[in-house]
Amino acid sequence: MSGGSARSLGKGSAPPGPVPEGLISVYSMRFCLYAQSTRLVLTTKGIRHEVININLKNKPEWFFKKNPSGLVPVLETSQGQLICESAITCEYLDEAYPEKKLLPGDPYEKACQKMVFESFSKVPPLISRILRTQNKEDCSGLKEELHKEITKLEEVLTGKKTTFFGGNSLFMIDYLIWPWFERLEALELNEHVDHTPALKLWMAAMKKDPTVSSLLTDVKTFQGFFNLYLQNSPEACDYGL
């Protein structure tokens, strides 16, 4: 892997050249939670890849040809194939590089993990709405909703009686939802896991995973980025470099 800590490309930058044979490129942003899931999968599967960081507050014109929505992550293969959306990129990688499978082979188990992810999918928009609400008193209802959704995940994990959502070892579902839990402390939302012993054990186990630990961002660095990001600063994506 190369380029993970490189400065981001912004408006006026030259587009990267063709992806070399035997390599795959991931268009990312150092602090993007959705792109982090894709990078976790790339790393844990040992896929040779290059990270190209995009300045999401000052996007290069050429990037919209990679993804018209202008969002990361985007995968680009040496054949020029483009794959967008975090969960889709992760599933593509698991199928295109079948060594060390992260999705279960059993159709029922795969469906169960997708149902957990569907339940989790309510969490990111709630967190985003809480963080963007200027008047903190208006957040009480949103925080109550977030508390309920996290409690549902606690119940799933308690019912499984396993360390991870995928079982006794990490599966795709764990990598897909981890980035949001990693950021709870930095976003000052850690109180919402105080009542979840199973989730707290899962979070501790996740941090011990070599792939996860290699991509951890310290709390102060993420907070520095996020404060600039809320101000729409073009310097946000390169915070700390």
Side-chain angles (χ1 to χ4, degrees), residues 1 24-28 32-49 67 69 71-77 79 81-127 146 148-184 193 196-215:
M1 187 269 285
I24 191 166
S25 292
V26 55
Y27 295 91
S28 181
C32 175
L33 283 69
Y34 295 103
Q36 185 179 347
S37 290
T38 307
R39 292 171 59 207
L40 285 166
V41 171
L42 284 161
T43 303
T44 200
K45 289 178 74 72
I47 299 169
R48 291 185 62 239
H49 65 282
N67 184 2
S69 71
L71 300 176
V72 296
V74 179
L75 293 174
E76 184 171 8
T77 71
Q79 290 81 41
Q81 299 164 323
L82 296 163
I83 303 99
C84 309
E85 300 295 333
S86 181
I88 295 172
T89 62
C90 291
E91 188 165 350
Y92 166 82
L93 291 169
D94 206 44
E95 292 180 357
Y97 300 85
E99 303 82 6
K100 192 180 179 181
K101 292 288 285 183
L102 294 175
L103 282 167
D106 179 76
Y108 175 70
E109 289 300 324
K110 186 185 292 186
C112 286
Q113 290 197 18
K114 288 188 174 184
M115 287 189 287
V116 173
F117 185 66
E118 182 65 24
S119 177
F120 162 77
S121 68
K122 299 179 181 69
V123 170
L126 282 172
I127 290 177
L146 178 63
K148 287 179 181 177
E149 295 303 329
I150 288 179
T151 299
K152 289 178 187 177
L153 292 170
E154 168 73 6
E155 290 169 355
V156 169
L157 200 51
T158 302
K160 286 184 68 66
K161 297 182 173 63
T162 57
T163 302
F164 302 101
F165 282 96
N168 290 316
S169 59
L170 277 81
F171 275 81
M172 181 73 77
I173 182 62
D174 299 290
Y175 288 125
L176 285 173
I177 70 178
W178 165 250
W180 295 92
F181 283 90
E182 180 192 333
R183 300 296 193 275
L184 287 179
V193 291
T196 60
L199 272 175
K200 288 164 83 171
L201 287 172
W202 171 76
M203 291 170 69
M206 288 296 291
K207 287 181 180 179
K208 292 178 182 177
D209 176 63
T211 297
V212 168
S213 63
S214 72
L215 293 178

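As the structure is a prediction and not an experimental result, all values here were calculated from the model.
- Applying the salt bridge (charged side-chain N to carboxylate O under 4.0 Å, His left out) test to every pair with at least one member in residues 95-113, sequence neighbours left out, gives these pairs: Asp94-Lys101.
- With sequence neighbours excluded, the residues forming a salt bridge (Lys or Arg N to Asp or Glu O under 4.0 Å) with Lys152 are Glu149, listed by chain and number.
- Residues passing the salt bridge (Lys or Arg N to Asp or Glu O under 4.0 Å) test with Glu182, sequence neighbours excluded: none.
- Checked against salt bridge (Lys or Arg N to Asp or Glu O under 4.0 Å), Lys122 has no partners two or more places apart in sequence or in another chain.
- Under the 4.5 Å side-chain criterion, counting only non-hydrogen atoms from C-beta, Trp178 is in contact with Gln36.
- When all heavy atoms are compared, the tightest approach of Tyr97 to Lys45 is O-NZ, 2.7 Å.
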Only pairs under 3.5 Å count here: list side-chain donor-acceptor contacts from residues 205-212, not counting sequence neighbours, and write none if there are none.
| residue | atom | partner | partner atom | Å |
| --- | --- | --- | --- | --- |
| Asp209 | OD2 | Tyr175 | OH | 3.1 |
| Asp209 | OD2 | Thr211 | N | 3.3 |
| Asp209 | OD2 | Val212 | N | 3.1 |
| Thr211 | OG1 | Thr44 | OG1 | 3.4 |

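- Applying the side-chain contact (heavy atoms from CB on, under 4.5 Å) criterion to Thr77, with sequence neighbours excluded, gives Ile24, Gln79, Gln81, Ile83, Tyr92.
- Every residue two or more places apart in sequence or in another chain that forms a side-chain contact (heavy atoms from CB on, under 4.5 Å) with Pro124 is listed here: Tyr34, Phe120, Trp180.
- Counting only heavy atoms from C-beta outward, the side chains of Leu153 and Val116 approach each other to under 4.5 Å.
- Shortest non-hydrogen contact noted between Asp174 and Leu170 is OD2-CA, 3.6 Å.
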Using residues 159-167 as the side-chain source, report each donor-acceptor pair under 3.5 Å to any protein atom, sequence neighbours left out, with the distance given to one decimal.
| residue | atom | partner | partner atom | Å |
| --- | --- | --- | --- | --- |
| Thr162 | OG1 | Phe164 | O | 2.8 |

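- Not counting sequence neighbours, Leu201 has no partner by the side-chain contact (heavy atoms from CB on, under 4.5 Å) test.
- Thr158 pairs by the side-chain contact (heavy atoms from CB on, under 4.5 Å) definition with Glu154, Ala198, not counting sequence neighbours.
- Counting only heavy atoms from C-beta outward, the side chains of Pro179 and Leu40 approach each other to under 4.5 Å.
- Applying the side chain to side chain donor-acceptor pair (under 3.5 Å) criterion to Thr89, with sequence neighbours excluded, gives Thr38.
- Not a single side chain to side chain donor-acceptor pair (under 3.5 Å) links Glu85 to another residue, sequence neighbours left out.
- Under the 4.5 Å side-chain criterion, counting only non-hydrogen atoms from C-beta, Pro73 is not in contact with Ser28.
- Side chains of Val156 and Ser119 form no contact here, defined as non-hydrogen atoms less than 4.5 Å apart.
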